[in-house]
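Below: the structure, in C-alpha cells.
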Amino acid sequence: MNVSRQLEGYFLTAVSTTEPWIDLFEKERTFRYIIATVASSLLISLIINNVNKVKAPYIGYRGFWEPTFWLRIRFMFEARTMVQEGYRKFRDSMFVVHRMDTDMLIISNKYVEELRSIPHSKLGAIEALQKNMGKFTTTEIALDGDLHIRVLQAKLTPNLGKISGVIQDEADFAIEAEVSKSEEWTEINIEDMLQRLVARITARVFLGHPVCRNEEWLTASIDYTLNVFMTAFILRRFPPILHPILAWVVPTWYQMHRNLRVAKRIIYPMIQEHLEKVAAGKTCEEQPTLLNWMVDIAKGKERVPATLASRQMILTIASINTTTMGLTHAIYDLCAHPEYLAPIREEIAQVLAEDRGVKKETLPKLRKMDSLLRESQRFGPPSIISFQRVAKVPITLSDGTFLPRGTHLACAASNLQHDPAIVPDPGVFDPFRWERKRLSAESEMNKHRFVMTDKNSLNWGHGRDACPGRFFASTEMKMILVRLLMGWEIKFKEGEGRPKNFMIDDNIFLDSSARVLIRKRKVREQSA
C-alpha cells in the first residue's frame, strides 16, 4: 500500500516534507486534510467513551495539558511507541490507547486463555474486525454469518494435501509468467511481483482454471484489496456519523465497488453452473474449488449469488494482502542476512531429492524455511496488536476485571514477541531459532511451527478465531519460496540495506518504493 513511512510535525511541517503521505492525496491538499483530521478527531474525542468504565491507565499523554484529540492524531504515527510504553509499565495488567476511531483496551496475555473460551455471543472477533474496517468497505457481510470461515476450516485446510499438486502447478505457471528469466541483474519491485504470484495461486484454488489466468479477475482482486484498506483507512480519520456522506467523495470507495462488480460478473455464472449440476445430481469431475465448496455447504440465504461473491472477495483480501507481505518480509530478511541462504537452499535440495519433487509431505520437512517465516513474521507482522475482540455484553473476568459492553480489546502481540522473558535475544534476527526449539525435545516438535499459536504468539490470533487461512497461506509461501530461492538470486542494490517497515496506526506496512535486484541462477548453481 502506498502510505508514507512517517509524518512529523503534523501541520506545516507535513506540507513541506519530502516524503509523500498518501499517494491518493496530492501534496497541495495535505494541509487541508490534516486540518480536517484534527477537527474530526476532536469530535471523536467528545463522542467516544466506550472504555471509560474500565479501571485501566491511559497511555501516551505527554502531560496533563495535552488534549485527547491531539493524542489520537499522534497515535497514527506513534502507535508503536505508545504501546511499548504501556507494555513496559503494565505488561501484567492492562492499559488504554486512544486510536483515532476508538479507545482500545490492551490486555495482558494472561487473560487470553480465559477470553478465548467466552462464546461469540458475548465476545466477538468478527465484530472487532468489522469495527476496524468500517461499514462502508463492503466487508460488513462478514457479520451476517461465518460461511467463509467454515469453508476454510472444514474444506480447504483438510484438503490441502489433496490439492497440493494444483497449488504447485499454478505456482510453476505463475513464476514462469511473472519472473524475469534474465541471467543479468534486473531491478524489480518484488512486492508487486509477489502480489501477482499470490493472486494467481489464490485464484486457482478459490475459483479454478481458467479464471486464475483471467487478467480482469487478477486486476480486480488485487485492486479490491488495496481499495478496501484505503477506504477504511481514510474513513477512520473521521467520526462514524459522517461516513455515509464522506464515502461518496472517497475515490477508492467507487473503485472498490467497481472491483466488486467485476468479481460478481465473473463469479455469478460459475455459481449458477455449479448449482445446476448439484440439482441434476451430476458429480463434478473438475478440480474442487473453494467457491464450489462454499456453495455446497451454504445454507439458506448464504446461497444467494451476491452474498457468495462478496464472501469470496473477503477471503481474497486476507489471502492476497497478508501472504504477499509475509513473503516480501521473508525475502527482504534473507537479502539482509545472505549467510542464511546456503543452509536453506541445502535443505530444499535435500528434501526435493528425497521426495523427487514437491509432494504433500514435502513442505513439512522444510523446517529451516518454516523457522525463517516465523522469525520474519516476528519482526514484520501485519499489526503490532492482535487477538482483537469487542465485548457484546458486559463481561466480568475471573479476577474481577469488568469489561463494559462495547469494549474493544486486544493484546500487544509484537511486544510479546520482543520480550526477553519470552524470546531470548529478541533484537537478534535468528531465522533458525524456532527450528532449534522444535528439535530440542519431542514435545516441542509442533509447538513452534509457523502456523501455531499460543498466548505468547498471537500474530495469527489464537483459539477458535485464529486466522483460518494460515495453513493455506503457509503452503503458498513455501511453494513460492522453493521455486524462487532455487531458481533465482535476489539481493539489494549496492549500498542499500533492508527497506524499513513503517506504520500507520497499529498497522505495519512495507516501503512500496523499495526495489531489489534479481537474476536467474545458472543451472550449475541450481544443482549445487
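In this chain, numbering begins with 1 at the start of the sequence shown. The structure displayed is predicted, hence computed values, not measured ones.
- Using a cutoff of 4.0 Å between basic side-chain nitrogens and carboxylate oxygens, Glu191 and Arg515 are not scored as salt-bridged.
- Checked against a 6.0 Å centroid threshold, the rings of Tyr58 and Phe95 do not count as neighbours.
- Applying the side-chain contact (heavy atoms from CB on, under 4.5 Å) rule to Asn132 yields the partners Arg99, Arg236, Gln388, His408; only residues at least two apart in sequence or on another chain are considered.
- Salt bridge annotation for Arg378-Asp333: absent, with no cationic side-chain nitrogen under 4.0 angstrom from a carboxylate oxygen.
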Tell me, with the steps shown, if Tyr61 and Thr68 meet side-chain hydrogen bond (donor to acceptor under 3.5 Å, both in side chains).
CA-CA 8 Å; Tyr61 287 100; Thr68 300; 2.6 Å; yes
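- Salt bridge annotation for Glu302-Arg150: present, with a cationic side-chain nitrogen under 4.0 angstrom from a carboxylate oxygen.
- Glu178 has a carboxylate O that lies under 4.0 Å from a charged side-chain N of Arg196, or vice versa, which qualifies the two as a salt bridge.
- A tilted orientation is assigned to the rings of Trp248 and Trp253, their planes being inclined by 30° to 60°.
- Contacts classified as salt bridge (charged side-chain N to carboxylate O under 4.0 Å, His left out) and involving residues 462-474 (residues at least two apart or in different chains) are given here: Arg389-Asp465.
- For Lys392 and Glu127, the salt-bridge test passes: some basic side-chain N is under 4.0 Å from an acidic carboxylate O.
- Although no hydrogens or angles enter the test, the distance criterion places a donor-acceptor pair under 3.5 Å between the side chain of Ser386 and the main chain of Leu458.
- A salt bridge links Arg237 with Asp505; the closest basic N to acidic carboxylate O contact falls under 4.0 Å.
- Counting only N and O atoms by type, the side chains of Ser108 and Asp92 include no donor and acceptor under 3.5 Å apart.
- Residues Phe69 and His98 place their aromatic rings such that the two centres sit no closer than 6.0 Å.
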